[in-house]
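First the structure, in the form of structure tokens, and then the observations on it.
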Amino acid sequence: MHVLILGGTTEARALAGLLHGRVRVTSSLAGRVASPRLPAGEVRIGGFGGPEGLAAWVREQAVDAVIDATHPFAERISFNAARAAATAHVPLLALRRPGWVPVDGDDWRSAASLEEAARTLDGLGDRVFLTTGRMGLAAFAACPQWFLVRSVDAPDTPMPPRTEILLDRGPFTLDGERELLARHRIDVVVTKDSGGAATAPKLTAAREAGLPVVVVRRPPVPEGVPKAATPEEAAAWVATR
């Protein structure tokens, strides 16, 4: 059996580790991170050329099942995967870590997009901790606030005119996030609802400091695609193919 795993997420790597040695596993990484953490099994890096190219690759490589374990905000590849799997007539599963849920004391402001998040910042403070990744900064390019932008690799331009770049990779600790918010005198945090534990400590640190958090809602999984919340659930799904 040949399983194609799309994505370089923590869950994708964990799933590849669970399946390696039991089935043939190929993990496909987008290539947007300069030095990715490689999973077990075979690895390919780069795009497929849209849903048609992905469907052709699935046929050529005799893939029996596809698992979309991309980042929850990688909307384009998720819809491409759904179209490709339907075209190639192979089963598709979306592996999605659960989203974050606010608790007592949180001051969250929901936004449907990065552009809406930028508009939501008005009146929330002048110093922003922006943790939405290196792509999409153009949505904040016209904002007058000062931004601390944290990303794994150097971000693309355009970006806000008042910006400090912090290159770092999670997981992050609660003590580290507390210190970062205090040292940079942060007034508001902006994040995507990526879920998971690796970057969640910033939410606890913001709650303790009484800071508002603008949370960009994740896009939906394509209609009709079944979902798993953990690598173990996804591995169990593979075992039934």
Side-chain angles (χ1 to χ4, degrees), residues 1-99 133-136 151-156 169-170 192 194-196 198 218-241:
M1 182 178 189
H2 187 190
V3 178
L4 172 64
I5 301 175
L6 303 173
T9 59
T10 301
E11 290 77 18
R13 291 192 299 273
L15 176 60
L18 289 173
L19 296 179
H20 183 56
R22 297 163 51 187
V23 300
R24 179 186 173 193
V25 181
T26 300
S27 296
S28 177
L29 312 183
R32 292 174 178 168
V33 176
S35 300
R37 295 171 177 166
L38 298 180
E42 302 172 38
V43 177
R44 72 174 302 279
I45 296 178
F48 291 93
E52 295 81 10
L54 176 54
W57 194 93
V58 164
R59 291 194 186 102
E60 291 166 2
Q61 298 297 319
V63 170
D64 299 292
V66 178
I67 298 179
D68 171 17
T70 56
H71 190 277
F73 283 83
E75 186 173 10
R76 178 179 296 179
I77 184 59
S78 292
F79 278 86
N80 285 352
R83 289 176 57 188
T87 299
H89 303 290
V90 297
L92 171 67
L93 177 75
L95 173 54
R96 291 290 185 272
R97 70 188 76 144
R134 69 184 181 92
M135 305 182 70
S151 64
V152 176
D153 293 319
D156 301 322
R169 187 200 300 262
K192 293 177 177 178
S194 55
R218 59 173 63 178
V221 169
E223 187 175 354
V225 176
K227 292 189 293 184
T230 66
E232 290 76 15
E233 288 181 20
W237 177 84
V238 169
T240 67
R241 298 301 100 192

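Residue numbers run from 1 in the order of the sequence given.
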Counting C-beta onward and ignoring hydrogens, is there a side-chain heavy-atom pair between Leu93 and Pro91 closer than 4.5 Å? no

Heavy-atom check, side chain of His2 versus side chain of Thr26, under 4.5 Å: yes

So, the side chain of [X] versus the backbone of [Y]: is there a donor-acceptor pair under 3.5 Å, distance only?
X      : Y      : result
Arg97  : Ser194 : yes
Arg241 : Trp237 : yes
Thr9   : Ala69  : yes
Arg44  : Gly46  : yes

From [atom1] ([X]) to [atom2] ([Y]), nearest 0.5 Å:
X     : Y     : atom1 : atom2 : value
Arg59 : His89 : CZ    : NE2   : 7.0 Å
Ser28 : Ile67 : OG    : CD1   : 13.5 Å
Arg96 : Thr70 : CZ    : OG1   : 4.0 Å

Applying side-chain hydrogen bond (donor to acceptor under 3.5 Å, both in side chains) to Ser151 and not counting sequence neighbours gives none

side-chain hydrogen bond (donor to acceptor under 3.5 Å, both in side chains) filter on Asn80, not counting sequence neighbours, yields none

query = Under 4.0 Å between a Lys/Arg side-chain N and an Asp/Glu carboxylate O for Arg218 and Glu75?
reply = no

The complete set of ring-ring contact (aromatic ring centres under 6.0 Å, His included) pairs with one or both residues in residues 41-64, sequence neighbours excluded, reads Phe48-Trp57

Quiz prompt | Verdict with supporting geometry, Glu232 and Leu18, side-chain contact (heavy atoms from CB on, under 4.5 Å) | solution = CA-CA 8 Å; Glu232 290 76 15; Leu18 289 173; 4.3 Å; yes

